[in-house]
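Working notes, beginning with the structure itself.
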Amino acid sequence: MESARYPLPPREHRYGGAGWLVWGGIILGSRTDLHVQSVTMIGHIYRDVILEQHVRLFRGAMGAEFLFMDDNVRPHRANIVNECLQSEDITRMDWPAYSPDLNPIEHVWDMLGRRIAARQPPPTCLPELRRALLDEWCSIPQDQIDNLILSMPWRFKAYIASSGRHTTY
C-alpha cells in the first residue's frame, strides 16, 4: 500500500453508564483532531455525525487517493450509510470482518486506551475522560502511527502465511 489515508472507525465506549463516540483519522505524517461525543452509535448518527461532518471534509482535503476504512460494524453497513458514501463518491476499502491483526487503526485505539489506563490519577468523571482522550491522542508520537501504516504489507504477508489465523502483529 502506498500513502493511503485511514480514517479511524469510531469507537463506542461505556464509561459510567454513558455512551461515547470517539473518532479520528490517521495518515502518513499527520492525523485529524479527535472527536469525542456523548452519543450511541446507530446508522443515521454515524452518517450525520461522522460521515457528513468529518469524513466528507477529510476526503475533500485528501483528494482522489482517499480511501475510507471502517470496521464493518452494523451501523457502518446501514443503507443510509452506503447511500451517503456513494453520493459523496467516497471509496470504502474492502476489509475482512474480524481482522484486527491487520488493521493499523485497532493498534492506534489500543495505544490510546493504554495511555488512558496508565494516567495517574485516572479520569473519574466524563469531562475528565474527554480531556484525557484529547490530550493522549495528541501525545501519541506520529512516527508510531506512521510505522503502523507502513507495516501493512508485512501484516498482509503474515496473515496469508498463517492461512487467516492469528498473527504476531
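Residues Leu57 and Ile50 fall into different hydrophobic clusters, defined by Ile, Leu, Val, Met, Phe, Trp and Tyr side chains chained together at heavy-atom separations under 4.5 Å. Put simply, Leu28 and Met93 are part of the same group of oily side chains (I, L, V, M, F, W, Y) that touch within less than 4.5 Å, one to the next.
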Distance-only check: which donor-acceptor pairs under 3.5 Å involve side-chain atoms of residues 80-87, not counting sequence neighbours?
residue : atom : partner : partner atom : Å
Asn82   : OD1  : Arg92   : NH2          : 2.5
Ser87   : OG   : Glu83   : O            : 3.4
Ser87   : OG   : Cys84   : O            : 2.9

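The aromatic rings of Trp23 and His54 lie parallel to each other, with less than 30° between the two planes, well short of the 60° mark.
Within 6.0 Å of atom CZ in Arg119, more than 12 heavy atoms from other residues, nucleotides or ligands are found, so the atom counts as buried in its surroundings.
Note that CZ of Phe68 is 13.5 Å distant from CZ of Arg56, once rounded to the nearest 0.5 Å. The CZ atom of Arg115 sits 10.5 Å away from atom CG of Asp135, with the distance rounded to the nearest 0.5 Å. A distance of 6.0 Å separates CZ in Arg31 from CD1 in Ile140, rounded to the nearest 0.5 Å. Between Met111 atom CE and Glu136 atom CD the span is 12.0 Å, to the nearest 0.5 Å. In this structure, OG1 in Thr32 is found 7.0 Å from CG in Leu34, a value given to the nearest 0.5 Å. Expressed to the nearest 0.5 Å, how far CZ of Arg131 lies from CG of Leu126 amounts to 11.0 Å.
Heavy-atom minimum distance, Gln142 versus Ile27: NE2-O, 3.2 Å. Minimum heavy-atom separation, Gly43 to Ala78: CA-CB, 4.1 Å. The nearest pair of heavy atoms linking Asp146 to Gly29 is OD1-N, 2.8 Å. Listed here is the closest heavy atom pair of Pro104 and Ile149: CB-N, 4.3 Å.
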message = Using side-chain contact (heavy atoms from CB on, under 4.5 Å), reason through Tyr46 and Val55 one step at a time and then give a plain yes or no.
response = CA-CA 10 Å; Tyr46 181 66; Val55 174; 5.8 Å; no
- Given Arg59 and Asp89, is the salt bridge (charged side-chain N to carboxylate O under 4.0 Å, His left out) satisfied, shown in steps? CA-CA 9 Å; Arg59 189 246 185 247; Asp89 196 29; 3.7 Å; yes
Q. When you look at Ile105 and Met69, which way does the side-chain contact (heavy atoms from CB on, under 4.5 Å) test go after all the steps?
A. CA-CA 9 Å; Ile105 291 161; Met69 177 190 283; 3.3 Å; yes
Q. When you look at Ile26 and Leu148, which way does the side-chain contact (heavy atoms from CB on, under 4.5 Å) test go after all the steps?
A. CA-CA 10 Å; Ile26 60 173; Leu148 286 169; over 6 Å; no
For a side-chain contact (heavy atoms from CB on, under 4.5 Å) check, start with the C-alpha distance between Val108 and Trp137, then their side-chain angles and the critical distance, and finish with the verdict. CA-CA 9 Å; Val108 174; Trp137 173 256; 3.8 Å; yes
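At least one side-chain heavy atom of Gln37 sits less than 4.5 Å from a side-chain heavy atom of Val49.
Asn147 places a side-chain N or O within 3.5 Å of a backbone atom of Asp143 that can act as its donor or acceptor partner.
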